[in-house]
Amino acid sequence: MSSSSSEEVPLAKLVAARSSDGPPAAKKPKVIPANADSDSDSDDVPLAARMAKMPVPASPQAASSTKKSSKLSKKSLKQIHSGTSSGRSEKLKKIKQQKIKKERKANKVAKAGAKPTARKAGSGIKSKIKRNAANGKGKKAVEGNGKKVMWTTLHHHGVLFPPEYTPHGVKMLYDNKAVDLTPAQEEVMTAYAMMRETDYLKKPTFVKNAWNAMKAVLGKNHVIKSLDKCDFTPIWEWHLAEKEKKKQMTKEEKKKVKEDKDAAEAKYKFCQVDDRREQVGNFRVEPPGLFRGRGEHPKMGMWKRRVYPEEVTINIGEDAEVPKCPVPGHRWGRVQHDHTVTWLACWNDPINVRDLKYVFLAANSQFKAESDLAKYEKARKLKDYIEKIRKDYMKGLKSKDKVKRQMACAIYLIDRLALRAGHEKDEDEADTVGCCTLKVDNVEFLDVGDDGKHEVKFDFLGKDSIRYENVAEIHELVYSNMKDFSLKTIDGKRAKRPEDLLFDGMSATDINQLFKCYMPGLSAKVFRTYNASITLAKLLREQTDAQQRYSGKPVEEKKADYDRANKEVAILCNHQRSVPKGHAGSMDKLNEKLKALVEEVKGLKDDFKKAKAGEHKDAKGKFVAAEKVKTKLDRAQERLKKLKLQRAVKEDLKTVALGTSKINYMDPRITIAWCKAFETPIEKIFNKSLLSKFHWAMTCEPTFSF
DNA sequence: TTTTGAGACTCAGAAATGTGCCG
DNA sequence: ACGGCACATTTCTGAGTCTCAAA
C-alpha cells in the first residue's frame with residue numbers, strides 16, 4: 001500500500017451499505033413457550049448496590065436528581081422512573097436511548113460538513129458489496145439470500161433434557177417449624193439452600209429476586225411469609241450428606257454410575273455433517289435454577305425455569321430422521337432445515353427472552369476450525385492495513401471536528417490497549433462498559449511529570465464485570481483530547497457528569513463501519529486477536545533471539561519462557577481469574593518447604609566443608625567423601641532454585657488466566673511453529689483439547705510468521 | 001429511509017470433575 | 001497403599017461482538 005496518500009476514510013459514505021438483493025431470509029417463526037412463565041415482576045434496579053461500586057462522584061448530589069439533564073445515561077432514566085410499574089420501563093428506556101442517538105446524530109451531521117474524500121475504488125465499502133454479490137463461485141455455495149451454505153446433509157439426535165425434579169422430601173424450617181412443600185416449591189427452595197456458601201447470598205439483588213421467585217411458587221396463602229424466618233439448614237445438610245454418600249461409593253459403584261451416564265448420553269455426543277462424523281458441543285438443555293448473573297446483574301437470583309421440547313427448534317437435514325422427542329407427552333416446537341447455519345438446536349433463554357441458546361458443534365469440528373482459521377487470517381491481514389489506520393488516527397487526533405477526534409481516540413485505545421468495542425447495553429443487564437461506552441468516571445488524567453509522560457488511569461468494569469484497572473501511557477494528543485471530552489465544566493458551565501459517555505458523539509457501530517473502509521471484514525475485535533498474536537510472536541522471538549542455541553535449552557525452561565509470553569498477552573487482554581481458593585494456605589506451605597530446604601542446604605554446605613577436611617561422618621560414623629556431599633549439595637541447591645521459581649510463578653499468576661488467550665486469541669500456528677523450530681513437544685504447550693481444536697494448524701511450517 | 005432488534009456466533013471465568021502426586 | 005491435596009482439564013452457561021433484515 002502506498003501509505004503516503006493524505007486521503008481519509010469516507011465515513012459519510014458508509015451508509016450506502018444496505019444492500020437489498022435476493023428475497024428476505026426465510027423467517028423463523030418465534031417459538032411459543034409451552035408454559036408461559038409469569039415472569040415475576042421486574043423490579044427496580046438496586047441502584048444503591050451499583051452506586052457503591054462507583055468511584056465517589058465529584059458532587060455527591062449528582063447521584064440521583066441531577067441526571068436528567070445532559071445526556072441521560074441508562075441508569076438515570078431507570079432510576080428516575082424506578083417507581084413505575086413492572087410492565088416494562090421499555091418505553092422510557094427507548095426515549096432515553098433516542099436521546100443519546102439524537103445527540104450522536106447531531107454530532108455526526110455537524111461533522112458531515114467536513115466530509116472526507118473518497119478512497120480509491122477497491123477498498124471502499126461499495127466495492128466490497130459488489131464483490132460479495134459476485135461471490136458464489138468461490139469456495140462455498142451461496143444461498144439465494146447471499147448467505148453461505150454450511151452443510152448439505154445433517155444428521156443428529158437432538159438434545160438431552162434434564163430429568164424432571166425428584167423431590168427429596170427433606171423439610172426446611174419456617175419459624176422453627178417444619179414446612180410441607182410441593183415438589184415445585186421444594187425445587188426452588190432447594191436451589192436457594194444450595195447457594196448457602198456462595199457470595200450470591202450477600203448480594204441484595206440476588207436475595208430479592210430469589211425471594212420473589214419463592215413467593216411466586218409458594219403462592220399467596222403459604223405459611224412462608226418472609227425469608228428471614230426460613231431455615232434451610234436441613235436441606236443443606238441433606239445435600240452435604242448426599243455428597244458424602246457419593247464420595248463413599250466404591251470404585252466399582254462409581255464406575256457403574258459413570259458408565260450408565262455415558263451410555264445414556266452417547267448418541268447425543270456425535271452427529272453427521274456431510275461425510276464427517278463430528279462431536280457435538282453442548283447437547284444438554286440447561287436445567288432450571290437460580291440465575292447466576294455476573295457482577296451486579298439486575299436479574300441475578302431470578303428463577304430460570306425449565307425448558308420444554310415445545311420451545312426447542314431443531315435444525316436438521318431434510319433427509320435425516322427427525323430425532324424422537326425424548327420427553328414423553330411432548331414434542332419439538334419446530335423442525336427446520338436451514339443449511340446456512342451451523343447449529344443443531346436452539347431455544348429462547350428463559351431469563352433473557354430475547355436471547356437464544358444454541359447447540360453447536362464442538363471446538364474440534366470443521367465448522368469451528370474453518371472460522372478459527374478465518375479469524376486468524378483476518379487478523380494477519382490487518383498487518384497490511386495497520387500502518388495506514390494508525391497514520392489516519394494520529395491525524396484524526398488533530399481534526400477540528402470533535403467526532404473525528406473521538407473516533408481517533410477510541411480507535412487508538414482499541415489498537416494500543418486492546419479494549420473491546422463496547423456496544424450500548426440495556427438496563428436489564430449488568431452495567432459494564434467497553435471502549436466506546438467508557439464514562440467520564442472511568443478515566444483519570446494523571447499529572448504530566450518531568451518525564452513528559454502522559455498517563456491515564458483506566459478503571460472500569462468490562463465484560464463479565466471484570467475490572468480493568470490500568471495506568472497507561474498514551475500519546476499526548478490522545479491525552480489532551482480525552483481530557484477535553486471529559487471536561488466537567490466549560491466556562492463555568494456544566495459539561496459532563498461522571499456517568500456521561502466519554503465519547504458521546506460516536507458508537508461502536510460507527511467505529512466498525514469505519515473499519516470496513518480499510519479492510520473487508522475488519523471490526524474492533526480483530527485488533528484484539530491481532531495484538532494478542534503479534535505480541536506472542538514478538539515475545540517468543542525476543543527470547544529465542546537472546547540465546548544462541550535455544551533448542552538446547554531444557555524443555556521445562558522453554559515452557560516457562562512460553563508461559564511468560566502467554567502471561568504478557570493475558571495481561572494485555574485483561575484476562576483475570578479469582579485467586580484460587582486456598583492460595584494463601586498453599587503459599588504458606590510452599591514457604592515452609594522452602595525454609596526447610598534452605599536449612600538443608602546450609603547443613604550440606606557445612607558437611608561439605610568438613611568432608612573436604614576429611615572430617616565428615618555419616619550416621620553410621622563412616623567418613624564420607626567430599627565428592628558425595630558435593631553432589632548432594634548441588635542437587636539440594638537445584639531443588640531450592642526450582643522451588644523459588646515455582647513460588648514466584650505461582651504468586652505471579654494467581655490472578656492471571658492464561659487459558660483464555662491460548663484458546664481464543666493467539667494464533668496457534670505461532671505456537672506450533674515455535675515448538676517445531678525449537679524442538680519442544682507441542683504436547684507440553686497444548687493439552688488434549690487444544691491439540692484437537694487446533695489440529696487444522698498442526699501442519700504449519702516452523703518458519704511460519706504471523 | 002435510518003434505526004432497532006433478532007440472530008448467530010465468539011469469548012469468558014467459575015464450578016465441577018479428573019489426575020497424579022505426596023506423605 | 002491410600003486418602004487427601006493441589007493442580008489441570010472439562011463443562012457450563014453467561015456475556016460479549018457483529019451483521020443484517022425488518023420496521
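Within every chain, numbering begins at 1; the chains are lettered A, B, ... in the order of the sequence lines, protein sequences first and strands thereafter.
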| remark: Closest to the 5' end of DNA chain C, once A:Thr509 and A:Gly585 are matched to their nearest nucleotides, is A:Gly585
| said: Could you check, using the six-membered ring where one of them is a Trp, whether A:Phe527 and A:Phe515 have ring centers closer than 6.0 angstrom? | reply: yes
| field | Flag for A:Thr529-A:Lys378: side-chain donor and acceptor within less than 3.5 Å | value | no
| Is any NZ, NE, NH1 or NH2 atom of the basic residue among A:Arg639 and A:Glu600 found under 4.0 Å from an Asp or Glu carboxylate oxygen of the other? | yes
| query | Charged N to carboxylate O below 4.0 Å: is that the case for A:Asp563 and A:Lys567? | reply | no
| field | Between C1' of C:dA8 and NZ of A:Lys662, the distance in whole Å | value | 11 Å
| note | Per nearest nucleotide of DNA chain B, the residue lying toward the 5' end, A:Thr660 or A:Ser371, is A:Ser371
| Base, sugar-phosphate alone, or nothing: which one does A:Gly293 contact when heavy atoms must sit under 4.0 Å apart? | sugar-phosphate
| query | Atom CD of A:Gln646 and atom C1' of C:dC7: how far apart are they, to the nearest Å? | reply | 11 Å
| Among C:dG14, B:dA14, C:dT17, the one nearest A:Asp464 by side-chain distance | C:dG14
| task | Determine, for A:Glu377 against A:Arg380, whether the closest basic-nitrogen to carboxylate-oxygen distance falls under 4.0 angstrom. | result | yes
| request: Could you tell me whether the side chain of A:Arg420 reaches within less than 4.5 Å of the side chain of A:Lys525, counting heavy atoms only? | output: no
| said: Does B:dG13 have OP1 or OP2 under 4.0 Å away from a side-chain N or O of A:His575? | reply: no
| said: Once you apply a heavy-atom cut-off of 4.0 Å, does A:Lys258 come out as touching a base, just sugar-phosphate, or nothing? | reply: sugar-phosphate
| query | OP1 or OP2 of B:dT10 sitting under 4.0 Å from any side-chain N/O of A:Arg420? | reply | no
| field | Distance, rounded to the nearest Å, where A:Phe515 contributes CZ and C:dT19 contributes P | value | 11 Å
Set out, line by line, the N/O atom pairs under 3.5 Å between protein and nucleotides 20-23 of chain B.
none

| message | Just the rounded figure in Å: distance from P of B:dC11 to CG of A:Asn531. | response | 14 Å
| field | Nucleotide B:dT2, atom C1' - distance to CG of A:Asp510 in whole Å | value | 12 Å
| request: Indicate whether OP1 or OP2 belonging to B:dT10 is found under 4.0 Å from a side-chain N or O atom of A:Lys368. | output: yes
| request: Kindly say if A:Arg354 contacts the phosphate of B:dT4, meaning a side-chain N or O under 4.0 Å from OP1 or OP2. | output: no
| said: Students often get this wrong, so: under 4.0 angstrom with heavy atoms, is A:Thr342 touching a base, only sugar-phosphate, or nothing? | reply: sugar-phosphate
| What's the verdict on side chain to side chain donor-acceptor pair (under 3.5 Å) for A:Arg292 and A:Tyr200, showing C-alpha distance, side-chain angles and the deciding distance? | CA-CA 8 Å; A:Arg292 296 159 96 102; A:Tyr200 281 110; 4.9 Å; no
| query | Are A:Lys693 and A:Lys368 close enough that some pair of their side-chain heavy atoms sits under 4.5 Å apart? | reply | no
Just the atom pairs and distances: protein N or O near nucleotides 9-13 of chain C's N or O, under 3.5 Å.
from	atom 1	to	atom 2	distance (Å)
C:dT10	OP2	A:Ser689	OG	2.0
C:dC12	OP1	A:Arg284	NE	3.4
C:dC12	OP2	A:Asn282	OD1	3.3

| field | Pairing of A:Lys148 and A:Glu370 as salt bridge, 4.0 angstrom limit | value | no
| query | Which part of the nucleic acid does A:Tyr665 contact within heavy-atom distance under 4.0 Å: base, sugar-phosphate only, or nothing? | reply | sugar-phosphate
| query | Taking OP1 and OP2 of C:dG16, is either one under 4.0 Å from a side-chain nitrogen or oxygen of A:Thr432? | reply | yes
| task | Output yes when at least one side-chain N/O atom of A:Lys650 is less than 4.0 Å from OP1 or OP2 of C:dC7, else no. | result | yes
| query | Want to settle it: does A:Tyr358 or A:Ile466 sit nearer the 5' end of DNA chain B, counting the closest nucleotide to each? | reply | A:Tyr358
| said: OP1 or OP2 of B:dC9 versus the side-chain N and O atoms of A:Lys375: is any pair under 4.0 Å? | reply: no
| Does the side chain of A:Thr660 come within less than 4.5 Å of A:Cys573's, by heavy atoms? | no
| Quick one: which of B:dC11, C:dC18, B:dA14 gets closest to the side chain of A:Ser523? | C:dC18
| query | How close or far is atom P of C:dA8 from atom CG of A:Leu691, stated in whole angstroms? | reply | 16 Å
| query | For A:Lys581, which contact category applies under a 4.0 Å heavy-atom criterion: base, sugar-phosphate, or nothing? | reply | nothing
| said: Under 6.0 Å between ring centres: does that hold for A:Tyr665 and A:His575? | reply: yes
| message | For a quick check of understanding: with a heavy-atom distance under 4.0 Å over all strands, which category does A:Gly659 fall into, base, sugar-phosphate or nothing? | response | nothing
| task | Give A:Lys525 one of three labels, base, sugar-phosphate or nothing, depending on what nucleic acid heavy atoms sit under 4.0 Å from its own. | result | sugar-phosphate
| remark: Here the distance between atom C1' of B:dA6 and atom NE2 of A:His423, to the nearest Å, is 15 Å
| task | Provide, to the nearest angstrom, the distance between the CG atom belonging to A:Leu419 and the P atom belonging to B:dA12. | result | 13 Å
| message | Filter on salt bridge (Lys or Arg N to Asp or Glu O under 4.0 Å), then keep only pairs touching residues 581-593 of chain A, sequence neighbours left out; what's left? | response | none
| request: Tell me which nucleotide among B:dG7, C:dC7, C:dT19 gets nearest to the side chain of A:Leu356. | output: B:dG7
